[in-house]
Amino acid sequence: MFVPCGSSAPPVFEGFTLLLPAVSVGNVGQLAVDLVIFTLDMPKVGYFYTDCLVPMVGNNPYATAEENSTELSINAEVYSLPSKKLVVLQIRSPFVKNKYRSFCQTVLSWVKSSRCAKVILLSSSHAYQRDDQQLHGTPLRYLLSPAIQKTAGDLMQRLNWKEMEKVAAYPGVNDAEMVLHIPGGGITTLLFSESCSNEIQMAVLLKFCSEGDNIPDALALVNYLNEWLQLIKSEQNSDAPATPSQWKIPHSWRLLFGSGLPAALF
Amino acid sequence: MATFFGEVVAAPSRAGGDDDEEAAAEREETPEDREIRRELEEKREVHILWSSKLSASTGSFTDEQFPCSKFILAIGHNAVAFLSSFVLNSGCWEAIGSVKLWNEWCRTSNTTSVLPTDAFCLFYKLISDPTVLLCQCNCYVAEDQQFQWLEKVFGCMREEDLQVTILSTCPVTDYKTPESTLTLPSPFLKALKTKEFKESVCCPLLEQPNIVQGLPAAVMSYCQVWQIPAVLYQCYTDVIKLDTVTIEAFKPVLSSKNLKSLVKDMSKSTEILKKLVTTNEIHNNIYT
């Protein structure tokens, strides 16, 4: 459930775009959301208190100075920027077993009660599961729920984006039945299909990637998102993607691969 | 992915377990699967058993709440031994309840006279001020049980200017620092506090990008969301078992506002501590 922080009037999200990540391969969605929150300096407006995620706390991951570095952060928090009609839910830990469906239901009922205009889910999928066709060209894909097709379908055509391909449900046996299959995508498929059934305007933006240093994947995904939402203006002309240096890297990304090595090792 | 020897293995993902299989399993559950899952959930349920001394009624506690101004929670055997030696030794405490839970790692025992090696989770109240509650949690509370534990324990409290103090330990290898953890002078103490906690802390705050997980994180999250002043003292140590050096690393916490008034007689503490640690060692020695 959404719990606003602070004692002022609860924030209003009517007509806003909700951006959230799927906990997926390489944590690319979550890294991309970190870039959005930190670059746009979005203030925290509340918590998403749920038993579906593994608990975790730490000090403010977006700290810029001594003063704001001691604010405690939990595993699911909500940030908002009314000037861009953007609300972001950041998820920082994996799901508790058997809680996928429960989480999807909670999020979608929150979307409905807060009357968000649309939802954009940032996700990723295992690069090694691509078929021969997918190995060529862009590794970025999109999906649109039927409810958002009318408003965003044309834009996708103009941007020349590639829709996520369906695969045969029983490959080799029966190639007629095609299903959506996003390996490594976490709750992506479930949340997307639930949105379709509930007539929610949802778009999924995902990137094929592998585990490793996923910072470049996050930058690619956030630039992909920026082509649509125009959250930051790119320096050169409006057609080129924003340069990596325009997205600010939060300090919590330090030591992503562990502590320093002992000198005695060498 | 292929390893050096050419065999193909499933690559582990930082994003979680076999999420696709799990999501698919959730979609295609049969009535039998549902029944098995329900039975397993029942087995993993967390139960709080309050003694009859807590209220006038006999047997276990039902829907009543008791007032609580201070909640001190020790998680893990070193933190538990610290409170046993320095706070509970004063004889001013009364055992009032226990947690009954089961998971793949432990089953809690019901008795109040426990060894440091037992799995237990016991509650004590201060006789002179029954709004002060202390919890010794020496059992592993699994991920899916943490929320339940939290809701059931805090659900029994009627908060009256509630302040929460948590003591916990963690391996020093989990601590992220630009230098190597090998050269760090461990054990050392780090703190995290919620927004409403205005008192001073007894050690440096935990720097980014370090995080805390498990039951301490669950309690801190609850307190942060519901605006309860709370502080967590996490001791980073390189010793896994019960260890006097690690336990004594918590000593600065005794000067904190919440614990200062509860420490009566420190002269016996070292003796009690030594006894606790040696009992554990003898227990583990197969040659005696």
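This structure is a prediction, so every number in the text was calculated from the model and none was measured. So you know, we letter chains A, B, ... as the sequences are listed, proteins then strands, and number each from 1.
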Original post:
Between B:F250 and B:Y233, is the ring centre distance below 6.0 Å?
Top reply: no
Subject >> Segment of B:D144 engaging chain A (4.5 angstrom heavy-atom cut-off) >> reply: both
Subject >> Proximity breakdown for B:E179 and chain A, heavy-atom pairs closer than 4.5 Å >> reply: backbone
Original post:
Contact part of B:Q148 toward chain A, heavy-atom cut-off under 4.5 Å: side chain, backbone, both or neither?
Top reply: neither
Original post:
Which atoms of B:K195 come close to chain A, meaning under 4.5 Å heavy atom to heavy atom: side chain ones, backbone ones, both, or neither?
Top reply: side chain
Original post:
Does the separation of the ring centres of A:F2 and A:Y47 fall below 6.0 angstrom?
Top reply: no
**OP:** Give the member of B:P209, B:A142, B:A218 that has the highest number of heavy-atom pairs under 4.5 Å with chain A.
**Re:** B:P209
**OP:** Check the angle between the aromatic planes of B:F71 and B:F123 and answer parallel, tilted or perpendicular using the 30° and 60° thresholds.
**Re:** parallel
Subject >> B:T183, part contacting chain A, at a heavy-atom distance under 4.5 Å >> reply: neither
Original post:
Which answer fits A:N75, side chain, backbone, both or neither, if we ask what part of it has an atom under 4.5 Å from a heavy atom of chain B?
Top reply: neither
**OP:** Could you check which of B:Q213, B:E143, B:Q224 has the highest count of heavy-atom pairs closer than 4.5 Å to chain A?
**Re:** B:Q224
Original post:
Can you check whether A:W247 and A:F38 have ring centres sitting under 6.0 Å from each other?
Top reply: no
Original post:
Taking A:D51, A:T50, A:I74, A:L256 one by one, which has the highest count of heavy-atom pairs under 4.5 Å against chain B?
Top reply: A:D51
**OP:** Heavy-atom pairs under 4.5 Å with chain A are the metric here; pick the option from B:L232, B:T194, B:T181, B:V212 that has the most.
**Re:** B:V212
**OP:** For the residue pair B:F154 and B:V164, establish whether any side-chain heavy-atom pair is separated by less than 4.5 Å.
**Re:** yes
Original post:
Going by atom types alone, do A:S73 and A:E77 pair a side-chain donor with an acceptor below 3.5 Å?
Top reply: yes
Original post:
Checking heavy atoms, do the side chain of B:E41, its backbone, both or neither come under 4.5 Å from chain A?
Top reply: neither
**OP:** Examine A:F48 together with A:W110 and report whether their ring centres are nearer than 6.0 Å.
**Re:** yes
Subject >> Pairs of heavy atoms under 4.5 Å with chain A: top-ranked of B:L182, B:V219, B:L192 >> reply: B:L192
Original post:
How about B:F147 and B:Y222: are their ring centres within less than 6.0 Å of each other?
Top reply: no
**OP:** With a 4.5 angstrom heavy-atom cut-off, could you sort out which part of A:L255 is near chain B: side chain, backbone, both or neither?
**Re:** both
**OP:** State whether a side-chain donor-acceptor pair under 3.5 Å links A:S24 with A:S124.
**Re:** yes
**OP:** Measure distances from B:L150 to the heavy atoms of chain A and classify the residue's part below 4.5 Å as side chain, backbone, both or neither.
**Re:** side chain
